[in-house]
Amino acid sequence: PGLALGPLAPFVYQLASRLDHLEQGGTGTPQALFQQTLDELLVRIVPRSAHGLWPLLQLRNGDQVPKGMRNANQHVADTRKITASQRVLDRLRGNGVVRPMLEVVEVLSRFYVNLALFEIDRKHRLPAYKLESVEGFVEVKRMLQTSKQV
């Protein structure tokens, strides 16, 4: 019997949260087998739902906390999850269907972070800000005009 992957798509966040680093030489351990199975499951679900790329990117970028952000010094990145999510993303990048979607999501993700961290002068607030002044806007605009994945 086969496993229907479509109904699992809403649970990608929970599945991705269980990712962990594969230990060297531990290929037969229950933890290693679980991680290999989880990797395979994610690699099979994501091509059916690009929404699954977001939690993988969030995990991979877990160490990218701006120094000026409040309580940034208290953040401790989970390097094992970063490594694990990169492992799955590398496999997905090898998929010709997923690669263009992944490239689009990566561009959008960088832009969203830049937009969220955009410096606003609190003393002289403007009624509106041009998106062109946010780093990555030109790349997003070009992608939106040329990509068939958006």
Practice item. Not counting sequence neighbours, which residues clear side chain to side chain donor-acceptor pair (under 3.5 Å) with Gln86? List them please. Key: Asp90
Check your understanding: Side-chain contact, heavy-atom cut-off 4.5 Å: Leu53 with Val104?
Key -> no
Check your understanding: Of all heavy-atom pairs between Pro55 and Ala16, which one has the smallest distance, and what is that distance?
Key -> CB-CB, 4.2 Å
Practice item. Any pair with a residue in residues 6-18 that passes salt bridge (Lys or Arg N to Asp or Glu O under 4.0 Å), sequence neighbours left out, goes on the list, sorted by first then second residue, please. Key: none
Revision key, fill the gap. Quick note, salt bridge (Lys or Arg N to Asp or Glu O under 4.0 Å) partners involving residues 36-56, not counting sequence neighbours, are Asp39-Arg87, Glu40-Arg91
Review point. Under 4.5 Å between side-chain heavy atoms, hopping through other hydrophobics if needed: is there a path connecting Val43 to Tyr13?
Key: yes
Check your understanding: Is there a path of hydrophobic side-chain contacts, each under 4.5 Å between heavy atoms of I, L, V, M, F, W or Y residues, that connects Val138 with Leu144?
Key -> no
Review point. Do Met143 and Leu57 share a hydrophobic cluster, counting only Ile, Leu, Val, Met, Phe, Trp and Tyr and linking them when any side-chain heavy atoms are less than 4.5 Å apart?
Key: yes
Point to revise | Residues forming a side-chain contact (heavy atoms from CB on, under 4.5 Å) with Ser49, sequence neighbours excluded | key: Ala9, His51
Point to revise | same_hphob_cluster(Leu92, Leu8) at 4.5 Å side-chain heavy-atom cutoff | key: yes
Review point. Angle class for the Trp54/Tyr112 ring planes (parallel below 30°, perpendicular above 60°, tilted otherwise)?
Key: parallel
Exercise for review: Indicate the atoms forming the closest heavy-atom contact of Ser17 with Leu59, along with that distance.
Suggested key: N-CD1, 4.4 Å
Check your understanding: Does a sphere of radius 6.0 Å around CD in Gln64 hold more than 12 heavy atoms from other residues, nucleotides or ligands, not counting ones at 6.0 Å or beyond?
Key -> yes
**Study point:** Whether over 12 other heavy atoms sit under 6.0 Å from Phe11 CZ
**Key:** no
Study note, to complete from the structure: Shortest non-hydrogen pair, Pro47 vs Met101, comes out as O-CE, 4.4 Å
**Study point:** Heavy-atom side-chain contact between Ile45 and Leu15 under 4.5 Å
**Key:** yes
Practice item. Group every Ile, Leu, Val, Met, Phe, Trp and Tyr by side-chain heavy-atom contacts under 4.5 Å, then state whether Val113 and Leu115 land in the same group. Key: no
Check your understanding: Got a sec, which residues hit salt bridge (Lys or Arg N to Asp or Glu O under 4.0 Å) with Asp20, two or more places apart in sequence or on another chain?
Key -> Arg80
Exercise for review: Walk me through it: do Glu106 and Arg93 pass the test side-chain contact (heavy atoms from CB on, under 4.5 Å)?
Suggested key: CA-CA 11 Å; Glu106 286 177 322; Arg93 195 176 306 282; 2.8 Å; yes
**Study point:** Minimum-distance pair of heavy atoms, taken over all atoms of Gly94 and Arg99
**Key:** O-NH2, 4.0 Å
Check your understanding: Can you check side-chain contact (heavy atoms from CB on, under 4.5 Å) on Asp78 and Asp63, steps first, answer last?
Key -> CA-CA 8 Å; Asp78 188 338; Asp63 60 348; over 6 Å; no
Check your understanding: Closest heavy-atom contact between Val88 and Leu42?
Key -> CG1-CB, 4.1 Å
**Study point:** Heavy-atom closest contact (Asn61 atom, Ser109 atom, distance)
**Key:** ND2-OG, 4.1 Å
Review point. So which pairs with a foot in residues 129-145 pass salt bridge (Lys or Arg N to Asp or Glu O under 4.0 Å), sequence neighbours left out?
Key: Arg110-Glu139
Exercise for review: Before giving the answer on side-chain contact (heavy atoms from CB on, under 4.5 Å), spell out for Val46 and Leu56 the whole-Å C-alpha distance, their side-chain angles and the decisive distance to 0.1 Å.
Suggested key: CA-CA 10 Å; Val46 170; Leu56 293 169; 4.2 Å; yes
**Study point:** Thr83 side-chain N/O to Thr79 backbone N/O, donor-acceptor pair under 3.5 Å
**Key:** yes
Check your understanding: Hey, is the main chain of Leu19 close enough, under 3.5 Å, to the side chain of Lys81 for a donor-acceptor pair?
Key -> yes
